[in-house]
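Data first, discussion second: the structure below is written as structure tokens.
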Amino acid sequence: MGMELKDIVKALREYDGEEVRIMEVCGTHTAAISENGIPSMLSDKIKLISGPGCPVCVTVTAVIDKLIELSMRDDTIVLTFGDLIRVRGSEKSLADAKGDGAHVRMVYSPMETVKMAEEDPSHTYVFAAIGFETTTPVYAMVLEKAIEKGLHNLKLLTSLKTMPQVIRWVVNNGGGIDGFIAPGHVATITGSNEYKELSEELGIPFVVSGFEGPQLLATIYALVSMKGKTGIRNMYKGAVTENGNEKAKEVVNKYFTTSDASWRGMGKIPGSGKVLKDEYREYDAGSLDLDEDHMPPGCCCASVLVGKIKPSQCPLFGKSCTPDNAHGACMVSTEGSCYNFFVSGRK
């Protein structure tokens with residue numbers, strides 16, 4: 001960009017032009033923005049908005065309810081990452097169900113699931129495959145390994161989402177966004193060109209960013225400079241190419257197909273998900289038609305996820321809803337906007 005960091009910070013702090021609303025759609029960006037204290041470095045005319053970039057946060061309650069139902073079977077063990085275990089379904093969370101005797105285990109790597117299923121053929125292992133384009137290739141590799149080993153007791157319950165369609169939904173439903181910090185992790189798989197046509201269609205600029213504070217500040221400066229224009233800039237060239245990871249996309253396309261998907265607070269968005277292809281349906285634990293979403297009373301996660309309100313504007317925020325006693329998914333996940341507002345003291 002040709003500017004020193006101190007000049008970028010000065011320009012962002014002293015900016016006095018038209019208001020610029022910038023949305024990040026990556027949970028890791030949300031966390032990094034808070035951890036680096038970036039909002040405090042910006043003019044009041046620059047608004048940062050956390051979008052639907054936290055995979056746990058956008059998972060509808062029907063998925064949690066299905067996992068709980070499966071975990072109560074004598075012959076079935078549900079495997080999940082840590083954040084998801086605390087997210088409430090329509091009545092309770094997987095952690096609550098475990099306290100009631102359900103078979104729920106936390107894993108740190110998807111590949112652990114293959115070993116568990118191989119060593120214990122007497123149980124069916126159901127892995128909660130939640131995520132965006134970043135993690136879908138890993139789930140495809142888990143399935144590939146299970147097929148190679150002839151395992152029929154390992155299944156996936158999928159809630160897999162894709163970014164372009166939800167970005168379009170946010171903009172077309174009154175998001176009022178002037179620019180997007182494109183998701184860095186997702187872009188390593190999809191490539192930066194994924195957002196080129198979207199930028200032209202929506203008339204909004206996109207900048208692909210990494211996760212260090214200085215790069216995020218440079219990204220925000222670029223988006224402020226590009227307000228009212230279209231185009232895509234890649235400021236994460238060490239990890240992101242124009243076309244992305246072709247091998248990862250190939251393995252995803254081998255096992256998964258595009259589908260409609262339900263998003264918390266947004267309903268069903270056409271073409272925004274991935275499900276197993278028909279020929280691999282025997283490895284699916286019942287992922288189709290999981291659309292119902294029951295928000296806890298008073299919870300505003302649906303409005304927070306699309307930038308209609310700030311987390312601090314939810315009446316439960318910091319009162320009855322805290323990380324130790326989370327009502328909504330946005331306060332549960334460390335990538336959630338409510339969690340990051342709370343721990344960093346953002347207003």
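Residue-environment remark: NZ (Lys45) exceeds the threshold of 12 foreign heavy atoms within 6.0 Å. With a 6.0 Å radius and a threshold of 12 heavy atoms from other residues, nucleotides or ligands, Asp44 has its CG atom at or below the threshold. Heavy-atom contacts from other residues, nucleotides or ligands closer than 6.0 Å to CD of Gln313 number more than 12. For Lys145, the NZ atom is loosely surrounded, since the number of other residues' heavy atoms within 6.0 Å does not exceed 12. Atom CD of Glu197 has 12 or fewer heavy atoms from other residues, nucleotides or ligands within 6.0 Å.
Gln215 and Tyr236 are not linked by any side-chain donor-acceptor pair at a separation below 3.5 angstrom, with hydrogens and angles left out of the test. For Thr162 and Lys274, the side-chain atoms include no donor-acceptor pair closer than 3.5 Å. Side chain to side chain, Thr30 and Glu24 meet the donor-acceptor criterion of an N or O pair below 3.5 Å. Under the 3.5 Å distance criterion, with hydrogens and angles disregarded, no donor-acceptor pair is assigned to the side chains of Ser90 and Glu292. Between Ser93 and Asp96, the side chains place a donor N or O and an acceptor N or O closer than 3.5 Å (distance only, hydrogens not considered). Under 3.5 Å, the side chains of Asp324 and Thr322 contain no donor-acceptor pair of N or O atoms. In this model, no donor atom of one side chain and acceptor atom of the other lie less than 3.5 Å apart for Ser50 and Ser337. Glu200 and Thr230 are linked by a side-chain donor-acceptor pair at a separation below 3.5 angstrom, with hydrogens and angles left out of the test. A donor atom on one side chain and an acceptor atom on the other are found under 3.5 Å apart for Arg346 and Ser34. At a cut-off of 3.5 Å, with distance as the only test, a side-chain donor of Ser159 or Lys161 sits close to an acceptor on the other residue.
One N or O on the side chain of Ser40 and one on the backbone of Gly37 form a donor-acceptor pair closer than 3.5 Å. Although no hydrogens or angles enter the test, the distance criterion places no donor-acceptor pair under 3.5 Å between the side chain of His29 and the main chain of Phe211. A distance-only check finds no donor-acceptor pair linking the side chain of Asn36 to the backbone of Ile38 [under 3.5 Å]. At least one donor-acceptor pair under 3.5 Å links the side chain of Thr61 to the backbone N or O of His294. With hydrogens and angles ignored, the 3.5 Å screen pairs no side-chain donor or acceptor of Thr158 with any backbone N or O of Leu160. A donor-acceptor contact shorter than 3.5 Å is absent between the side chain of His103 and the backbone of Met72. Remark: the backbone N or O of Ser122 is not paired with any side-chain donor or acceptor of Asp75 at under 3.5 angstrom.
Put simply, the residue from Ile49, Val208, Ile204, Leu198 that forms a side chain to side chain contact (heavy atoms under 4.5 Å, CB included) with Phe180 is Ile204.
Rounding to the nearest 0.5 Å places CD1 of Ile22 at 5.0 Å from CG of Leu223. Separating the SG atom in Cys301 from the CZ atom in Arg264 is a distance of 6.5 Å, to the nearest 0.5 Å. Between atom OG of residue Ser303 and atom NZ of residue Lys310 there is a gap of 15.0 Å, rounded to the nearest 0.5 Å. Interatomic distance, CD of Glu250 versus CG of Asn245, reported as 10.0 Å (0.5 Å rounding). Note: Arg86 CZ to Met106 CE = 11.0 Å, rounded to the nearest 0.5 Å. To the nearest 0.5 Å, the span separating CD on Glu194 from CD1 on Ile167 amounts to 9.0 Å.
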message = Run Ser192 and Thr241 through side chain to side chain contact (heavy atoms under 4.5 Å, CB included) and show every step you take.
response = CA-CA 6 Å; Ser192 59; Thr241 63; over 6 Å; no

task = Just do the side chain to side chain contact (heavy atoms under 4.5 Å, CB included) check on Leu157 and Val78 with the steps written out, would you?
result = CA-CA 9 Å; Leu157 190 82; Val78 166; over 6 Å; no

query = Would Ser43 and Glu14 count as a side chain to side chain contact (heavy atoms under 4.5 Å, CB included) if you check the C-alpha gap in whole Å, the side-chain angles of each, and the deciding distance to 0.1 Å?
reply = CA-CA 6 Å; Ser43 159; Glu14 296 178 357; over 6 Å; no

ask   = Step by step, would you call Val186 with Tyr195 a side chain to side chain contact (heavy atoms under 4.5 Å, CB included)?
value = CA-CA 11 Å; Val186 166; Tyr195 303 97; 3.6 Å; yes

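Inter-residue side-chain proximity for Arg88 and Ile64 is flagged as unmet; no heavy-atom pair is nearer than 4.5 Å. In this structure, the side chains of Val25 and Met163 come closer than 4.5 Å at one or more pairs of heavy atoms. Within the 4.5 Å cutoff, no side-chain heavy atoms of Leu42 are placed close to those of Arg13. The shortest distance between side-chain heavy atoms of Val224 and Ile46 falls below 4.5 Å. Considering only heavy atoms from C-beta on, Tyr125 comes within 4.5 Å of Ile77 through its side chain. Side-chain contact between Leu143 and Leu276 is present, with at least one heavy-atom pair separated by less than 4.5 Å. Ser272 is listed as a side-chain neighbour of Trp263, based on a closest heavy-atom distance under 4.5 Å. Looking at heavy atoms from C-beta onward, Met141 lies in side-chain contact with Met111 at the 4.5 angstrom threshold.
Between Lys115 and Glu112 there is no salt bridge, since no side-chain nitrogen of the basic residue lies less than 4.0 Å from a carboxylate oxygen of the acidic one. Contact check on Lys149 versus Glu118 returns a salt bridge, with a Lys/Arg side-chain nitrogen under 4.0 Å from an Asp/Glu carboxylate oxygen. Lys268 has no carboxylate O lying under 4.0 Å from a charged side-chain N of Asp260, or vice versa, which leaves the two without a salt bridge. The pair Glu282-Lys155 does not meet the salt-bridge criterion, since no charged nitrogen lies less than 4.0 angstrom from a carboxylate oxygen. The pair Lys47-Asp178 fails the salt-bridge criterion, with no side-chain N (NZ, NE, NH1 or NH2) lying under 4.0 Å from an Asp/Glu carboxylate O. A salt bridge links Glu201 with Arg168: the distance from a Lys NZ or Arg NE/NH1/NH2 to an Asp or Glu carboxylate oxygen falls below 4.0 Å. The pair Lys10-Asp7 does not meet the salt-bridge criterion, since no charged nitrogen lies less than 4.0 angstrom from a carboxylate oxygen.
Counting all heavy atoms, side chain and backbone alike, Lys254 lies closest to Glu144 at NZ-OE2, 3.1 Å. Minimum interatomic distance between Ile130 and Pro55 (heavy atoms only, all atoms of both residues): CG2-O, 3.8 Å. Contact record, Leu305 with Cys57: CD1-O, 3.6 Å, taken as the closest heavy-atom pair. Counting all heavy atoms, side chain and backbone alike, Arg233 lies closest to Ala222 at NH1-CB, 3.6 Å. Residues Cys321 and Met331 share a closest heavy-atom pair of O-CE, 3.4 Å. Pro121 approaches Asn153 most closely through the heavy-atom pair CA-ND2, 3.5 Å.
When the side chains of ILVMFWY residues are joined at heavy-atom separations under 4.5 Å, either directly or via intervening members, Leu84 and Leu290 end up in a single hydrophobic cluster. Connection of Val107 to Leu70 is not established within any shared hydrophobic cluster, with ILVMFWY side chains joined at heavy-atom distances below 4.5 Å, either directly or through further cluster members. When the side chains of ILVMFWY residues are joined at heavy-atom separations under 4.5 Å, either directly or via intervening members, Val166 and Val60 end up in two distinct hydrophobic clusters.
The six-membered or imidazole ring of Tyr283 lies away from that of Phe127, with a centre-to-centre distance of 6.0 Å or more. For Phe132 and His185, the gap between ring centers reaches or exceeds 6.0 Å.
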